[in-house]
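Single-structure report; data block below.
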Amino acid sequence: ARGSPRMSAHDVANMLQAYARNGVPSDAELTSVGDRAQEVVGDMDAQDVARTLDSYAKIGKSPKKALLTALGRRAQQVVTDMDAQDVTATINAYAELGSKIKSPKGEPLVLRAEFDTH
């Protein structure tokens, strides 16, 4: 992904989503975008996190462990901003990737949110 060091968190999510829709990237491209994702994960909003995880699942390749852990932590931070589609995409991605992410305390990652149904 040429220019990936300048990609924003939103750009990273968009690039991965394009890969998921249009064909599997080379290992070098996926590594480059994954490395950038690791750098900007703290800037990702709820939709960026969900789309990033969903894209990896659709591509069929799990992100590096450090990125997967960082995405899990970020998901915990932004879960209250997730809409139903984001939550579904995130849960489905973890199921498809077969990932059991641990919290910083070593416990299974749990995403909790209360949704206003009114």
Side-chain angles (χ1 to χ4, degrees):
R2 181 166 284 175
S4 61
R6 284 175 238 133
M7 292 172 67
S8 69
H10 189 68
D11 293 338
V12 168
N14 284 341
M15 178 67 75
L16 287 166
Q17 192 171 44
Y19 285 147
R21 288 183 179 158
N22 302 317
V24 178
S26 70
D27 286 343
E29 290 170 323
L30 195 58
T31 296
S32 177
V33 175
D35 289 347
R36 183 60 183 161
Q38 180 72 45
E39 294 170 3
V40 299
V41 70
D43 297 330
M44 288 185 176
D45 63 20
Q47 187 178 35
D48 293 335
V49 172
R51 288 186 328 174
T52 297
L53 288 165
D54 184 58
S55 295
Y56 272 105
K58 287 179 178 170
I59 291 167
K61 295 189 177 189
S62 185
K64 291 179 183 176
K65 184 177 179 179
L67 175 56
L68 199 54
T69 300
L71 286 165
R73 287 182 184 144
R74 187 64 182 155
Q76 287 179 315
Q77 294 168 349
V78 299
V79 69
T80 56
D81 297 327
M82 287 185 174
D83 62 21
Q85 184 176 350
D86 297 334
V87 172
T88 301
T90 300
I91 292 169
N92 286 341
Y94 280 127
E96 287 182 39
L97 293 170
S99 301
K100 293 185 179 179
I101 306 304
K102 302 288 184 184
S103 73
K105 296 178 183 176
E107 301 162 350
L109 174 70
V110 177
L111 298 179
R112 293 186 183 158
E114 293 182 20
F115 294 96
D116 185 0
T117 57
H118 296 50

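Not measured: the values here are computed from a predicted model.
- In terms of heavy-atom proximity, Lys58 sits nearest to Glu96 at N-OE1, 4.5 Å.
- Between Leu97 and Ala57, the shortest heavy-atom distance links the atoms CD2-CA, 3.8 Å.
- Judged by distance alone, the side chains of Ser8 and Asp11 do bring a donor and an acceptor atom under 3.5 Å apart.
- Across every non-hydrogen atom of Tyr94 and Gly72, the tightest pair is OH-CA, 3.2 Å.
- More than 12 heavy-atom neighbours from other residues, nucleotides or ligands sit within 6.0 angstrom of CD on Gln77.
- The shortest heavy-atom contact between Val12 and Val40 is CG2-CG2, 4.0 Å.
- Note: Thr69 OG1 to Gln38 CD = 8.5 Å, rounded to the nearest 0.5 Å.
- Using modelled atom types, one side-chain atom of Thr90 and one backbone atom of Asp86 make a donor-acceptor pair closer than 3.5 Å.
- In summary, the side chains of Arg73 and Gln76 do not present any donor paired with an acceptor at a separation below 3.5 Å, with no hydrogens or angles considered.
- The shortest heavy-atom contact between Met15 and Met7 is CB-CE, 3.5 Å.
- For the pairing with Val49, the side-chain contact (heavy atoms from CB on, under 4.5 Å) check across Leu53, Asp45, Thr52 returns one residue only, Leu53.
- Between Ser55 and Ala13, the shortest heavy-atom distance links the atoms OG-O, 4.5 Å.
- Under the side chain to side chain contact (heavy atoms under 4.5 Å, CB included) criterion, Thr88 pairs with Asn92, sequence neighbours left out.
- With hydrogens and angles ignored, the 3.5 Å screen pairs no side-chain donor or acceptor of Asp54 with any backbone N or O of Arg51.
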Just do the side chain to side chain contact (heavy atoms under 4.5 Å, CB included) check on Asp83 and Gln47 with the steps written out, would you? CA-CA 8 Å; Asp83 62 21; Gln47 187 178 35; over 6 Å; no

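- Remark: Gln17 CD to Asp48 CG distance equals 10.0 Å, nearest 0.5 Å.
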Checking Val33 against Leu16 for the side chain to side chain contact (heavy atoms under 4.5 Å, CB included) test, could you report, in this order, the C-alpha distance in whole Å, the side-chain angles of both residues, the deciding distance, and whether it holds? CA-CA 8 Å; Val33 175; Leu16 287 166; 3.7 Å; yes

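- Using a cutoff of 4.0 Å between basic side-chain nitrogens and carboxylate oxygens, Lys61 and Asp27 are scored as salt-bridged.
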Should Tyr56 and Leu67 be marked as a side chain to side chain contact (heavy atoms under 4.5 Å, CB included) after you check the CA-CA gap, both sets of side-chain angles, and the distance that decides it? CA-CA 11 Å; Tyr56 272 105; Leu67 175 56; 3.6 Å; yes

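- Taking NZ of Lys64 as the start and CG of Asp35 as the end, the distance is 4.0 Å to the nearest 0.5 Å.
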